[in-house]
Amino acid sequence: MKSRIIPIISAILLASCGGGSNVPETVYEQQSPDFCVDSAYQYVADQCAFGPRVMNSAAHDSCAIYIAEKFQQFGATVINQDAEGVLYDGTKVQMRNIIASYDLDNPVRIIICSHWDSRPWADHDANADNHRAPIDGANDGASGVGVMLEMARLMQQKMPDVGIDFICFDAEDCGTPEWDDQGGDHSSTWCLGSQYWAGRHHVDGYRAIYGILLDMVGGSNCVFEKEAYSLLYAPSVVDKVWSKAIRLGYGDLFKNEKGGGVTDDHVQVNQSGIPCIDIIARDANENTFCKTWHTMNDNIGNINKQTLKAVGQTVLEVLYTEAP
Ligand code: AHN
Ligand code: ZN
């Protein structure tokens, strides 16, 4: 009996593929290790537990040590790039870019990056009383680092064929607050850590074939469009990432649509001669960043594991299918 049931079932399955073909659609076989989202989520929560990682704060400095120690625990070689930065109002800040590298002898290198600081002011909060309060930055800051740490944990077990540099940029999110905006162009008040790194790479003669920036990769009710500067500077990397996302079944999140340009750390990486894209979320329904952006609601309670998983697995798949 059994031997007769199986052909009948497969005939039904074949019929359901449609298109009149007898050949079932090939299922894409994932090449990368499974991205453990619970682990990534924990790294996001760990960062948030320090409190807002705003410039010149104890939480910021303690979290820098946490991030470096985690990467080291996962077998990376870590360089702290310390520098002084100046905010829009002249305040001096102590910045630290944290660079965690794997397979340093490999000349073919890819950068995965995120900012790790959090915004000192919830200047986009619905309640004006919060506009000068610092935010947890669970999505805006910690999510990208959490995804990178989980990738690092997996790389300790099995490396891709390319060398990887994880770069945590500092002082991305202390650009001119809306409540102190006197007009004019404030774009240079953002991304201070990546501005410094772009002018002086962490090692002399540093090269990478491309970079991928992760910004706000753990929100709810959000989508990823093809960001305009990414399409301008690194269109083939955009194609690579979006096509992998779609093959893995994340086409509901990674939209095949062109988005606006965002002043973000990838612009600095591009200006330093390395093509770099930005995977940055916008609200699924409105043409704005996620609802929690620069508000007190950007906390661990609003982190979405499906979003973290989709981004983490997609980027891993890109790295583990890259040949040197
Ligand atoms: C500006 O709003 C100028 N840039 C967005 C970059 C950013 C802020 N990403 C996260 N926070
Ligand atoms: Zn921000």
Side-chain angles (χ1 to χ4, degrees), residues 44 47-48 52-55 57 60 63 85 87-89 93 95 97 112-125 130-148 167-195 197-198 211-219 222-225 227-230 233 259-271 276-283 286-300 302-303 307-308 311:
V44 177
Q47 293 169 76
C48 292
R53 281 86 58 220
V54 301
M55 304 311 295
S57 73
H60 175 273
C63 189
L87 300 193
Y88 79 98
D89 64 351
V93 292
M95 309 190 288
N97 296 325
I112 308 297
C113 52
S114 168
H115 76 92
W116 72 271
D117 62 308
S118 53
R119 184 138 178 87
W121 315 288
D123 54 346
H124 215 72
D125 200 278
N130 291 330
H131 283 183
R132 285 159 200 266
I135 70 168
D136 283 350
N139 190 25
D140 192 356
S143 68
V145 176
V147 167
M148 294 200 297
I167 306 186
C168 307
F169 290 121
D170 201 358
E172 186 273 349
D173 227 352
C174 38
T176 309
E178 293 176 16
W179 42 259
D180 217 357
D181 189 344
Q182 323 289 331
D185 180 11
H186 298 281
S187 50
S188 67
T189 67
W190 303 82
C191 305
L192 302 182
S194 56
Q195 286 186 42
W197 180 86
I212 299 175
L213 174 65
L214 309 177
D215 194 4
M216 304 193 274
V217 293
C222 65
V223 290
F224 300 105
E225 287 178 334
E227 187 269 340
Y229 295 122
S230 308
Y233 290 115
V262 183
T263 302
D264 209 344
D265 292 320
H266 70 310
V267 173
Q268 297 302 321
V269 178
N270 277 303
Q271 285 177 358
C276 186
I277 70 159
D278 193 4
I279 301 180
I280 183 165
R282 55 144 260 225
D283 187 82
E286 284 169 56
N287 198 10
T288 56
F289 291 133
C290 314
K291 287 270 171 346
T292 63
W293 182 71
H294 294 182
T295 76
M296 301 305 280
N297 292 328
D298 185 1
N299 55 46
I300 192 70
N302 287 318
I303 288 294
T307 310
L308 290 175
V311 173

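Counting starts at 1 for both ligands and their atoms, in listed order.
Residue-level proximity to ligand 1 for R119 is absent, since no heavy atom of it falls below 4.0 angstrom. The proximity of E172 to ligand 1, defined as any non-hydrogen pair under 4.0 Å, is limited to the side chain.
When atom types are taken as modelled, the side chain of Q195 and the backbone of S188 share a donor-acceptor pair closer than 3.5 angstrom. With D117 contributing its side chain and R53 its backbone, the two residues share no donor-acceptor pair below 3.5 Å.
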Next item on the list: May I have the step-by-step check of ring-ring contact (aromatic ring centres under 6.0 Å, His included) for W121 and H294, ending in yes or no?
Entry: CA-CA 7 Å; W121 315 288; H294 294 182; 9.4 Å; no
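Taking only nitrogen or oxygen atoms, main chain and side chain alike, W190 does not reach within less than 3.5 Å of ligand 1.
Of all protein heavy atoms, the one closest to atom 10 (C) of ligand 1 is D140 OD1, 3.0 Å. Among all protein heavy atoms, the one lying closest to atom 8 (C) of ligand 1 is D173 OD1, 3.2 Å. Considering only non-hydrogen protein atoms, atom 9 (N) of ligand 1 sits nearest to D215 OD2, 2.7 Å.
Scanning all heavy atoms of the two residues, the minimum distance from D140 to M216 falls at CA-CG, 3.9 Å.
Residue contact check: W293 has heavy atoms under 4.0 Å from atoms 2 (O), 8 (C), 11 (N) of ligand 1. Every atom of ligand 1 with a heavy atom of T263 under 4.0 Å away is listed here by number and element: 4 (N), 5 (C), 6 (C).
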